[in-house]
Every structure is written in structure tokens, then in C-alpha cells.
Amino acid sequence: MARAYPVCIIPNSRLYCTLTDGIRNFTPAWFYVTMGFSIITVNFMVMQWHHENIVLKVLFLIFFFSTLLVISAFIGLNIARYTMFPDLWKKVWDHPDEAMYFSCLPISFIPFQNGMSEGIDLWWGFAGHNSAKFLYFTFGFWAATTILGYAIAFVCFKKMITVHRHDMKNMTGAWIAPFGALVVDGSAGTIMTPFLQEHNPSLAWFAALWATMTVMIGLSMAILIMAILLQRMFIDGLPPAKHIWSSWSVLSVTTQAGFTILALGGAYNTLLPVDYGTSKLLTHPAIGEIVYAIGVTFGMVLWFVSIFALIFSIWAVWTVSRKEGLIFGPNCWAWLFPFGVFAIHTYGNALYFDSQFFRVLSIILNITTILGGTGMIIITVPQFFRGTMFTYSYVVDDEAAGVLYNYKQVDTEVGVEVSRSPSVEEK
């Protein structure tokens, strides 16, 4: 019989109990928090109002190094979790929901990498504006992050097909996360391409093509899963309170894809036309402007789609929270990253369309993201150190409730297959 690990939720409980059980319940969903931290660093960089103000730049540094600290700490806690409780490693990957949240880690890296290349290097000039060595370092960081994103997406995709047994009622927006991560991964290479073009055109082409492939794979898979999510809501209604925050994944994909494709248009405009070879397409004098126009137009279309996704996400969380109550856990941070990206997407529209409307709106959205993120930090930090937020683990909760899963492959340790009981999980 598996050992039962009670979760300490009393502020004055013993530190050992709080620390041990907190680590056991430290799910990959906590990387939602690092996603929120990292996107705020970018929101500071795209503030067009008093952009060179020293206060703004210092606040950026505070959040940048705080993000580094939080990401490092959370990776350490995850390593501790699977070192102290090695049986959880397979259980988490075999779980149809919790496994999806591993993809939040590479998503957290991308805005942080943008903060390195555009904030630390270009904005502050610490490495000497547009330093080739620093640029190659950030390129390597980005390439490694995309490989990690592909690996997690492939493992989750394989598990969903070969291990997890699904039913429509228990489908959530978390299924989008592994492929939404690929969309996010592609964005950093897109932004880096014009800077690489000055130092190494071949590497710039590689970055642009690798980013394009990554975004297209992620976006196409995410759209297919969105259709399943829509069918699930038509048939069974909105997901329960524990899962409703994953509905923000839709906005995360639409607005991140929109911004990335918008930036891809600008990136290819710096690469095209080429002055070698006999390709009539690539050497045509207008090809760069044509690709630029297509990218900017498609990015704008996805901005309009993102408005719908934003309204839907707010309505879904509000509706379910009023009915079932708000469950405050790391998943509650799920809104911050997509909302922050939507603010950056709006900033991109302001640049490419030279629009005063988008400039003002982007400032409002960026300030809202920064203030909202600060509020989430104020709420989360006391509960984090008291241990009252470590009651949120799909695997551990299911074990405590006696929920078992009917996998597509028989578990040789158990020897039999048992069906999942949704009513127990929801309880």
C-alpha cells in the first residue's frame, strides 16, 4: 500500500512537514508562476512611455533577476521532488493532465532570453550594444530551449496516444500547452533574426526558418486541439474550477502566434531578396515586401481572434468561479502570461502600423500586466512560505481520493486495469 503523505496547511505547523509535503506537491504547474515573472520583464521593455526612464530600467532589472532566482529555485524544487519521491516521475508523465505542465518550463525561458538579448544587451548595454559574442550565447540558449520544447511536446504527444486514456468530459485546455510552447519557442528566434543578419547571415536564415517551422507545427497542432476543446464545451459545458484556468491557453496560442508571425514578416524583409542563386522567387525585388505584408496582415488577423479568446477566458473563469468558488493555486497564474503577450502583440501592431491607438492601448495593457503580476506576487508569496498552496497536485490528490486511471497499456505492477472515476476527482 502506498504511503499517505498528509499536506500541512496550518501556518504554524512543523517546518519539516511543510517542506517535505510541499516538495511532494510541487507540480510542474508551478512553472505558470515563472511564466508570469518572465513575461513582466518583457512588458517593461516594450513600455513606450518614458522608455529610457531610469526607474523603468531598474524595475526591469529587479524583475529580470527575480525571474532568474524563481526559475532556478523552482527547477531545484522539481529536482528535489523526483529525487525524494522517485515513484512520482513516471506517475506524473503518465497523468493525462499534470504531464502537460512540463511544457511551462521552456515557455518561461523564452521571455527571459528576450530579456537577456534586448534588455540586458540592447537596453542597458551591459555586453556592449548588439555584441556578437553575447548574441551567439543567447542564440545557443534559444536553440537549446526549442529542443527542450520539442522533446516535451513529443513525449506528451506520445503519452497521449499510447498511454493516457481520455474521455471528452475530462478534456481541458492543458492539452494545448505542449504545442503552445512550440509557438512561444519560435518567437525568440524571430526577434533575434535581424540582429544575427548583421553578424552572420547564414545563422540568421537558420534562425528564421527554424522559428517558422516551430511556430507552424505548434500552431497547427494547437488549432486541432482547440476544436476538440470547443466540442467538449458544447457537449459537457465549461471545465470544473480546478481546470478552468487552463482556458487561457487559447489566448496564449492565438496572441503569441500573431505576434511571432507579425515579427516573422519583418525578419524575412531583412533577409529577402537574396543576391545569389537562380531562384526567381527568392531573388525577386519585391519578395521581401510581399512576405512582410503577409506576415503583418496575418498577425493583425490573429490579434482580432485574440480579442475573442481574451473575452472567452475572462468569462469562463468568472462563470465557473461564481458557481464553484475560486481555488487559488499556481494555476491561477495562468492568465498572466497570455495577457502579457497580448500587450506585447498590441505593441507590435503599434510599431508596424505606426498607430497611436495601438501605442496607447499597449501602454494600458502593459501597465495592467505589471500591476496584475505584482498583485499576484503579493498574494502568492505569503501563502507559498506558509505552505498553504501546496495542496494542488493532480497525482497526489488522485492518490488520496482513490482515483485510478485506465491506461491504454496495462500497468505490470498493478496487473489489472481500472477505470477513471471523474466524480471522485471533481470531489
Legend entry - K133 side chain reached by F137 side chain, heavy atoms, under 4.5 Å: no

Inset, instruction - Could you tell me if the ring centre of W210 sits under 6.0 Å from that of Y150? - result: yes

Inset, instruction - Flag the pair F64 / F44 as yes when their ring centroid distance falls below 6.0 Å, and as no otherwise. - result: no

Inset, instruction - Fit a plane to each ring of F259 and H345, take the angle between them on a 0 to 90° scale, and name the class: parallel (under 30°), tilted (30 to 60°) or perpendicular (over 60°). - result: perpendicular

Legend entry - Heavy atoms of other groups near F298 CZ, more than 12 under 6.0 Å: no

Legend entry - Side-chain donor or acceptor of N78 paired with backbone N/O of F74 under 3.5 Å: yes

Legend entry - NE2-CG distance between H243 and L238, expressed to the nearest 0.5 angstrom: 13.0 Å

Legend entry - CH2 on W205 to CG on L209, rounded to 0.5 Å: 6.0 Å

Legend entry - P106 side chain reached by I152 side chain, heavy atoms, under 4.5 Å: yes

Legend entry - Side chain proximity check, K158 to V163, heavy atoms < 4.5 angstrom: no

Legend entry - Atom of R24, atom of R81 and distance for their closest heavy-atom approach: O-NE, 2.9 Å

Inset, instruction - Mark yes or no for whether T190, through its side chain, and G186, through its backbone, hold a donor-acceptor pair below 3.5 Å. - result: yes

Legend entry - Whether over 12 other heavy atoms sit under 6.0 Å from Y136 OH: yes

Inset, instruction - Give me the one residue out of V183, I223, I225, L224 that meets side-chain contact (heavy atoms from CB on, under 4.5 Å) with I176. - result: I225

Inset, instruction - State, yes or no, whether a side-chain contact exists between L336 and M35 at a heavy-atom distance under 4.5 Å. - result: no

Legend entry - Closest non-hydrogen atom pair, A207 against G189: CB-O, 4.1 Å

Legend entry - Pair listing, salt bridge (charged side-chain N to carboxylate O under 4.0 Å, His left out) test, anchored in residues 55-68, at least two apart: E52-K57

Inset, instruction - Answer yes or no: is there a side-chain heavy-atom contact under 4.5 Å between F85 and T20? - result: yes

Inset, instruction - Over 60° means perpendicular and under 30° means parallel, so classify the ring planes of W93 and F102, tilted if in between. - result: parallel

Legend entry - Heavy-atom donor-acceptor pair, T380 side chain to I377 backbone, under 3.5 Å: no

Inset, instruction - Drop me the distance from I120's CD1 to L61's CG, to the nearest 0.5 angstrom. - result: 5.0 Å

Legend entry - P111 to T41 - nearest heavy-atom pair and separation: O-OG1, 4.0 Å

Legend entry - Exercise: do S117 and T138 side chains pair donor with acceptor under 3.5 Å: no

Legend entry - Side-chain donor or acceptor of N43 paired with backbone N/O of I370 under 3.5 Å: no

Inset, instruction - Kindly assign one of parallel, tilted or perpendicular to the pair W303 and F342, based on the angle between their ring planes and the thresholds 30° and 60°. - result: parallel

Inset, instruction - Measure the shortest side-chain to side-chain distance between F37 and S66 over non-hydrogen atoms and say whether it is less than 4.5 angstrom. - result: yes

Legend entry - Rounded distance (nearest 0.5 Å) linking atom CG of L77 with atom CD1 of I23: 6.0 Å

Legend entry - Derivation and outcome, side-chain contact (heavy atoms from CB on, under 4.5 Å), residues I191 and E118: CA-CA 9 Å; I191 296 172; E118 297 193 40; 2.5 Å; yes

Legend entry - Flag, side chain of T346 to backbone of S362, donor-acceptor distance under 3.5 Å: no

Legend entry - F26 CZ to I79 CD1 distance, which is reported to the nearest 0.5 Å: 11.5 Å

Legend entry - L251 backbone acceptor or donor facing T255 side chain under 3.5 Å: no

Legend entry - Side-chain donor-acceptor pair present, S38, T67, cut-off under 3.5 Å: no

Legend entry - From L361 atom CG to N366 atom CG, the distance as rounded to the nearest 0.5 Å: 9.5 Å

Legend entry - Nearest heavy-atom neighbours spanning N114 and M45: O-CE, 3.7 Å

Legend entry - Heavy-atom pair of closest approach, residues M192 and L135: CG-CD1, 3.7 Å

Inset, instruction - State, yes or no, whether a side-chain contact exists between W245 and W335 at a heavy-atom distance under 4.5 Å. - result: yes

Inset, instruction - Give a yes or no on whether the backbone of A257 and the side-chain of T260 come within a donor-acceptor separation of less than 3.5 Å. - result: no

Legend entry - Heavy-atom check, side chain of M300 versus side chain of Y352, under 4.5 Å: no

Legend entry - F157, CZ: over 12 other non-hydrogen atoms inside 6.0 angstrom: no

Inset, instruction - Spell out, as yes or no, whether a donor-acceptor pair under 3.5 Å connects the side chain of S187 to the backbone of V184. - result: yes

Legend entry - Non-hydrogen atoms of A222 and V253 that approach each other most closely: CB-CG1, 3.8 Å

Inset, instruction - Show the numbers, then the answer: is there a side-chain contact (heavy atoms from CB on, under 4.5 Å) between F109 and L148? - result: CA-CA 10 Å; F109 286 152; L148 175 63; 4.0 Å; yes

